[in-house]
Amino acid sequence: MMTEVVAINHLQKRFGKFEALKDITLTVNSGEVFGFIGPNGAGKSTTIRTLLGILKASGGSATIFGQDVWTDAVAIHKRLAYVPGDVYLWPNLTGGEVIDLFLKMNGERHSAHTDELIKLFELDATKKCRTYSKGNRQKVALIAAFSSDAALYVFDEPTSGLDPLMEEVFQTQVLALKRAGKSVLLSSHILSEVERMCDRIGIIREGRIIETGTLDAMRQLSRSTVRVTTTAPLADIAKRPDVHQFKAEGDHTATFAVDSENLGAVITTLTGLGIVTLQSTPPTLEDLFLRYYNQGGEHDGQ
Ligand SMILES: Nc1ncnc2c1ncn2[C@@H]1O[C@H](COP(=O)(O)OP(=O)(O)OP(=O)(O)O)[C@@H](O)[C@H]1O
Ligand SMILES: [Mg+2]
């Protein structure tokens, strides 16, 4: 049965007069990896800090496991693992000691899985934390989180300091959590990471959620790029209202964008013109993101 692990309802957060969160509504279901994306300063970390009970909301509500994030923070934290983008560690403890400390704070123990993660992330856990690079500090927090048996994992740009090999290890571990039926809230600027792992995505901009849904559904709302060569001239295609950014290369070849819901109709028309070659590319997450980023979620223009 699908249940709501995280439920955020019209959440607001003001810092003095500044409204960092204006209206955030989203849910993360059990067994789901939810991607939280949006430009710098959009309010992702503020939303996450409110969920963790670090910040108190100015309006609206948020629950985790059906419990209020502010009043029931202690109970919630027993079943939650969190990794921020900039990890603070005790400088005089070794990485291994900090991992064990994190685990202990969650009422857990160092296990064989912890050792396996230390190997996978190639961390020298015997070194003092003060000697660690940003990526290594990140690994310490990730190892502790992945070796915790939590119900919800919250990652706020967890891989900002990791190299591509370690990014791959991170993704493999998140996919393992997903297979184990855990829930994950992942804020990220690495769109390939989001694309590969997330069941649903929420796009936040200036303190508001401007779109949520599956990546497929978002692609449906958008436009595909078509490149076509036909035997008959293509000029009339440019006049269609569902065709945009028409760029001709001579009379018989053109590249243009088509509203995804009308792709079939456009291709039917092209078939009438005698298709020689046809290539259709759905929008990438980058395309979608740039569009939302620039226009605040309006669906006109591109
Ligand atoms: N403690 C604070 N006091 C005042 N303003 C704050 C505070 N924390 C965050 N803000 C402001 O709230 C807005 C949202 O910040 P937040 O850190 O949530 O963005 P973000 O989406 O996580 O961005 P990034 O992708 O850069 O991490 C920003 O304008 C930020 O300056
Ligand atoms: Mg942030």
Side-chain angles (χ1 to χ4, degrees), residues 26 32-40 42 44 157 159-160 164-165 167-168 170-172 174-175 178 184 186-205 209-302:
L26 63 86
E32 174 173 74
V33 180
F34 188 93
F36 200 27
I37 63 176
N40 294 127
K44 301 177 294 296
E157 286 182 55
T159 61
S160 46
L165 279 178
E167 167 72 34
E168 180 70 28
F170 170 77
Q171 292 188 13
T172 308
V174 172
L175 292 172
K178 183 164 151 176
V184 178
L186 167 69
S187 142
S188 177
H189 289 296
I190 300 176
L191 298 181
S192 59
E193 177 178 283
V194 171
E195 196 153 20
R196 179 167 170 212
M197 294 188 296
C198 296
D199 302 296
R200 286 192 309 132
I201 292 166
I203 301 181
I204 179 173
R205 186 173 183 269
I209 295 286
I210 54 175
E211 194 77 61
T212 46
T214 63
L215 190 51
D216 277 349
M218 286 189 197
R219 283 186 171 133
Q220 291 292 320
L221 288 172
S222 194
R223 289 171 186 164
S224 297
T225 303
V226 171
R227 183 179 160 81
V228 69
T229 302
T230 48
T231 45
L234 274 164
D236 283 349
I237 291 288
K239 297 177 192 148
R240 291 181 63 108
D242 46 12
V243 165
H244 315 267
Q245 298 171 293
F246 188 88
K247 284 186 208 86
E249 298 165 40
D251 291 338
H252 300 270
T253 297
T255 303
F256 49 86
V258 181
D259 297 332
S260 291
E261 68 266 26
N262 291 349
L263 189 58
V266 171
I267 288 178
T268 304
T269 309
L270 291 172
T271 305
L273 301 176
I275 295 174
V276 180
T277 61
L278 175 91
Q279 212 182 1
S280 163
T281 325
T284 63
L285 186 54
E286 274 86 349
D287 294 335
L288 291 177
F289 183 71
L290 286 174
R291 191 159 154 213
Y292 285 118
Y293 179 98
N294 289 326
Q295 300 185 11
E298 290 159 37
H299 289 294
D300 55 340
Q302 201 170 35

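What you see is a predicted model, and the numbers here were worked out from it, not measured in a lab. Positions are given from 1, in the same order as the sequence printed here.
In this structure, the separation between OG1 on T255 and CZ on R227 is 4.5 Å, given to the nearest 0.5 Å. Between the CD1 atom of I190 and the CD atom of E167 there is a distance of 4.5 Å, given to the nearest 0.5 Å. To the nearest 0.5 angstrom, L270 atom CG is 6.5 Å from L278 atom CG. How far CG of L273 is from NE2 of H252: 10.5 Å, rounded to the nearest 0.5 Å. Separation of atoms CD1 (I201) and CD1 (I204) is listed at 14.5 Å; rounding is to 0.5 Å. Atom CZ of F289 sits about 13.5 Å away from atom CD of E211, to the nearest 0.5 Å.
Considering all non-hydrogen atoms of both residues, T212 and G202 come closest at CG2-CA, 3.6 Å. The shortest heavy-atom contact between S188 and V194 is CB-CG2, 3.8 Å. Taking all atoms of both residues into account, the shortest heavy-atom contact from S280 to L263 is OG-CD2, 3.8 Å. Listed here is the closest heavy atom pair of H189 and N40: NE2-ND2, 3.5 Å. Across I237 and F246, no two heavy atoms sit closer than the pair CG2-CE1, 4.0 Å.
Under the 3.5 Å distance criterion, the side-chain polar atoms of H244 are left unmatched by any main-chain donor or acceptor of A257. Judged purely by atom type and a 3.5 angstrom limit, D259 has no side-chain atom pairing as donor or acceptor with the backbone of R223. The closest donor-acceptor contact from the side chain of K44 to the backbone of F36 lies at 3.5 Å or more, if one exists at all.
Residue M197 is tested with T172, V174, V184 for a side-chain contact (heavy atoms from CB on, under 4.5 Å); the sole match is V174. Of the listed residues (D242, V243, T225), just one forms a side-chain contact (heavy atoms from CB on, under 4.5 Å) with F256, and that residue is V243.
Side-chain contact between S187 and I37 is absent, with no heavy atoms from C-beta onward closer than 4.5 Å. By the 4.5 Å heavy-atom criterion applied to side chains, T269 and R240 are counted as neighbours. Side-chain atoms of S224 and P283, non-hydrogen and from C-beta on, do get closer than 4.5 Å to each other.
Using modelled atom types, one finds a donor on one side chain and an acceptor on the other under 3.5 Å when comparing T159 with E193.
Of the charged side-chain nitrogens involved, at least one lies within less than 4.0 Å of a carboxylate oxygen, so that E168 and R196 count as a salt-bridged pair.
Listed by chain and number, the residues in a side chain to side chain donor-acceptor pair (under 3.5 Å) with T229 are T253, T277 (sequence neighbours excluded).
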